[in-house]
Amino acid sequence: MSELQVRWLDYAAIFLYLGAMAAMAVYFARRNTNTEEYFVGNRGFSGWVIGLSMLGTIVSSATFLALPAAAYALDWRQLAVNLALPFVAVIAVLVFIPLFRQGKMTTAFEYLGMRYGMVPRLYGTFSFIVMQLIRSAQVLFLLALPIQFLTGAPLGIVIVGAGIFVAFYTVIGGIDTVTWTDVVQTVVLFCGGIACASAIIVELPGGISQVIEIGTAQNKFSFGSFDWDLSQRTFWTVALLGVVNWLAIYGGDQNIVQRYVSSRSTREARKATIIYSSLALPMWAFFFFVGTSVFAYYQTFPDPAVAALQADQVLPFFILNHIPAGLAGLIVAAIIAAAMSTLDSSLNAIATVTVVDLMKPLLARDRSDRFYLVAARVIATAAAVLMILGGLIFANLPKESMNDISLIVTSIFGGCLMGLFMVGFFTVRVDGFSATCALLAAVVFNVYLGLGALQVLPVDYRLPVHSYWAGALVNFTFILFAYVIARVRNRAPRDLAGLTVWTLNTNLKQK
């Protein structure tokens with residue numbers, strides 16, 4: 001730990017990068033004269049820009065730190081959750097994108113309102129806002145840990161400083177700044193990863209073959225057990241849960257849907273999704289390889305200082321001890337960029353759904369566009385304050401408490417959004433009443449599973465399933481109840497033109 005130092009050239013590279021992000025925000029701020037520009041960039045982005053922005057939004061700091069740490073400490077089994085991505089991406093290109101782009105939607109939850117009515121729309125909106133606030137606070141806290149480790153600055157100061165900076169360029173720049181900075185951050189992230197891997201491979205006597213040899217001997221390329229035991233974290237369990245996860249992301253996550261509708265055409269939105277889907281899985285696999293490479297390096301050149309480090313500190317330690325000054329600073333900037341690209345998207349998305357799904361239809365109807373633009377900036381600022389406060393709270397909680405909070409929030413608010421969207425897309429029989437009744441049943445079941453997972457309920461009253469399956473079971477419960485209620489009521493479906501895969505206008509699909 002005493003050998004770890006950030007050199008002045010590293011600081012210069014980091015501040016140069018941050019200055020570039022701030023300058024981009026100031027530049028794009030002049031274009032934000034209406035909500036259409038602030039929320040969706042006047043729907044004029046090309047596919048390659050949106051694709052890289054999607055990549056930057058989803059990968060987050062976990063890509064640069066958590067994935068190499070997982071590979072360093074264990075193996076590649078965490079990659080299995082993402083293997084479903086290419087298959088779900090095909091569904092997104094063919095089905096989800098045309099459905100969200102009809103009627104000039106701005107949020108995913110406008111679709112729920114048109115398909116079912118106000119109650120499911122409000123459920124989706126509040127669920128998203130709460131989940132994003134919690135997630136952004138956690139990402140901010142996790143971002144602050146390596147910065148504190150690298151600089152020695154107090155954790156609270158790092159959290160506040162990083163939060164204020166992200167809030168500054170997000171609030172003034174809108175989706176234009178978020179999208180373009182995400183593009184830059186994605187490029188910086190990938191270049192940083194290449195620099196790390198190259199430095200390791202060059203220093204190893206046997207190069208890449210030595211990484212493969214050591215990794216194979218130590219079982220570092222394993223994807224976990226292939227036994228068909230869904231009560232354990234086997235390959236099949238993780239892969240099946242990945243299907244549920246990616247259906248939820250591609251089929252209803254506002255951060256992704258906002259990219260769909262910001263594209264200049266359906267064709268460009270599809271191109272963006274193909275670009276993102278083609279790059280994401282190789283990028284994740286590459287960062288697992290970086291972690292295995294670091295493991296191979298310290299197996300070949302043991303360092304007593306590394307033994308005292310946590311797994312997610314080993315890569316930053318290597319960067320600042322074995323990579324030239326300046327370039328190391330750029331790689332640290334890549335770590336910062338990975339988190340910033342997630343945080344800015346969350347803040348902008350929270351402002352967007354609050355204005356579009358709460359203020360315009362309910363809280364402040366028939367106001368001027370200028371009013372809604374100012375409101376969006378105020379909301380993004382307020383969300384940033386809550387994000388910073390949340391990060392400070394997480395900094396003072398034991399890890400067990402963090403996990404408990406995540407579990408509670410995911411259990412109660414993350415529930416059955418995937419089921420809501422999938423039933424809406426693929427059925428015509430389920431109406432708003434059936435969906436609302438099923439939603440209430442699923443939420444109750446969700447809370448029950450959450451209380452069981454937290455061991456609040458006595459053992460005899462818990463459902464004997466692993467907590468991994470809570471989300472899948474809740475979504476299945478919603479789908480089952482919604483369809484059964486709809487069948488029992490047997491009401492003639494209302495006009496669903498453009499709202500399901502069966503009623504989507506052919507011309508719209510090609511638009």
Side-chain angles (χ1 to χ4, degrees), residues 58-60 62-63 66-67 70-71 74-96 127 131 135 219 221-253 255-256 273 276-278 280-285 287-288 403 406-407 409-427 438 441-443 445-446 448-450 452-454 462-483 501:
I58 295 297
V59 294
S60 82
T63 297
L67 299 191
L74 189 59
D75 51 32
W76 286 33
R77 70 183 60 192
Q78 291 188 22
L79 182 62
V81 73
N82 296 318
L83 297 181
L85 181 149
F87 304 100
V88 178
V90 174
I91 303 174
V93 167
L94 297 177
V95 178
F96 301 160
S127 296
M131 289 291 292
R135 182 187 181 218
N219 206 30
F221 296 108
S222 171
F223 279 85
S225 171
F226 279 80
D227 293 338
W228 185 258
D229 184 356
L230 299 183
S231 66
Q232 301 297 323
R233 193 174 180 177
T234 65
F235 171 83
W236 299 111
T237 296
V238 176
L240 287 172
L241 293 178
V243 174
V244 177
N245 177 64
W246 285 110
L247 282 173
I249 291 174
Y250 274 117
D253 188 314
N255 290 305
I256 296 298
T273 304
Y276 161 66
S277 304
S278 300
L281 191 56
M283 176 177 277
W284 285 316
F287 277 95
F288 273 98
N403 291 336
S406 299
L407 184 57
V409 171
T410 301
S411 176
I412 296 176
F413 295 101
C416 56
L417 278 178
M418 187 274 285
L420 270 168
F421 282 104
M422 294 305 108
V423 168
F425 295 155
F426 293 105
T427 74
V443 169
F445 184 54
N446 211 355
Y448 162 73
L449 289 178
L454 294 173
R462 299 176 201 164
L463 192 66
V465 296
H466 199 284
S467 58
Y468 297 150
W469 291 99
L473 288 173
V474 170
N475 279 285
F476 176 76
T477 298
F478 169 80
I479 294 170
L480 179 63
F481 270 70
Y483 198 74
V501 67

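Just so we're clear, the structure is a prediction, and the values are computed from it rather than from any experiment. Note that these values count all heavy atoms, side chains included, but never hydrogens, waters or copies made by symmetry.
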Starting at CG of Asn82, measure out to CG of Asn245 and round the result to the nearest 0.5 Å. 7.5 Å
Flag if over 12 foreign heavy atoms under 6.0 Å of CZ, Phe87: no
Minimal heavy-atom distance between Leu85 and Ala280, with the atoms involved, is CD1-CB, 4.1 Å
For Thr427, which residues count as a side chain to side chain contact (heavy atoms under 4.5 Å, CB included) partner, sequence neighbours excluded? Arg115, Val423, Val430
Starting at CZ of Phe478, measure out to CG of Leu473 and round the result to the nearest 0.5 Å. 15.5 Å
Across all chains, not counting sequence neighbours, the side chain to side chain contact (heavy atoms under 4.5 Å, CB included) partners of Ala248 are Met418
Nearest heavy-atom pair of Leu281 and Pro86: which atoms, and what distance? CD2-CG, 4.1 Å
Nearest heavy-atom neighbours spanning Phe96 and Tyr250: CD1-O, 3.5 Å
Measuring from atom CG of Leu417 to atom CD1 of Ile249, what distance do you get when rounded to the nearest 0.5 angstrom? 12.5 Å
Approximate separation, where rounding is to 0.5 Å, of Thr273 OG1 and Ile91 CD1: 13.0 Å
Does CZ in Phe445 sit with more than 12 non-hydrogen atoms of other residues, nucleotides or ligands closer than 6.0 Å? yes
I'd like to check Leu83 versus Phe235 (side-chain heavy atoms, cut-off strictly below 4.5 Å). Are they in contact? yes
Quick check for you: to the nearest 0.5 Å, what is the distance between Phe288 atom CZ and Leu79 atom CG? 5.0 Å
In this structure, which one of Asn446, Ile479, Val443 forms a side-chain contact (heavy atoms from CB on, under 4.5 Å) with Val474? Asn446
Of all heavy-atom pairs between Tyr276 and Trp284, which one has the smallest distance, and what is that distance? OH-CH2, 3.9 Å
Counting only heavy atoms from other residues, nucleotides and ligands, does the tally under 6.0 Å from CZ of Phe476 exceed 12? no
Listed once per pair and sorted, the salt bridge (charged side-chain N to carboxylate O under 4.0 Å, His left out) pairs that draw on residues 74-87, sequence neighbours left out: Asp75-Arg77
Closest heavy-atom pair, Ala285 versus Trp76, reported as atoms and distance to 0.1 Å, is O-CH2, 3.6 Å
Of the non-hydrogen atoms in Val243 and Val88, which two are nearest, and what is the gap between them? O-CG2, 4.4 Å
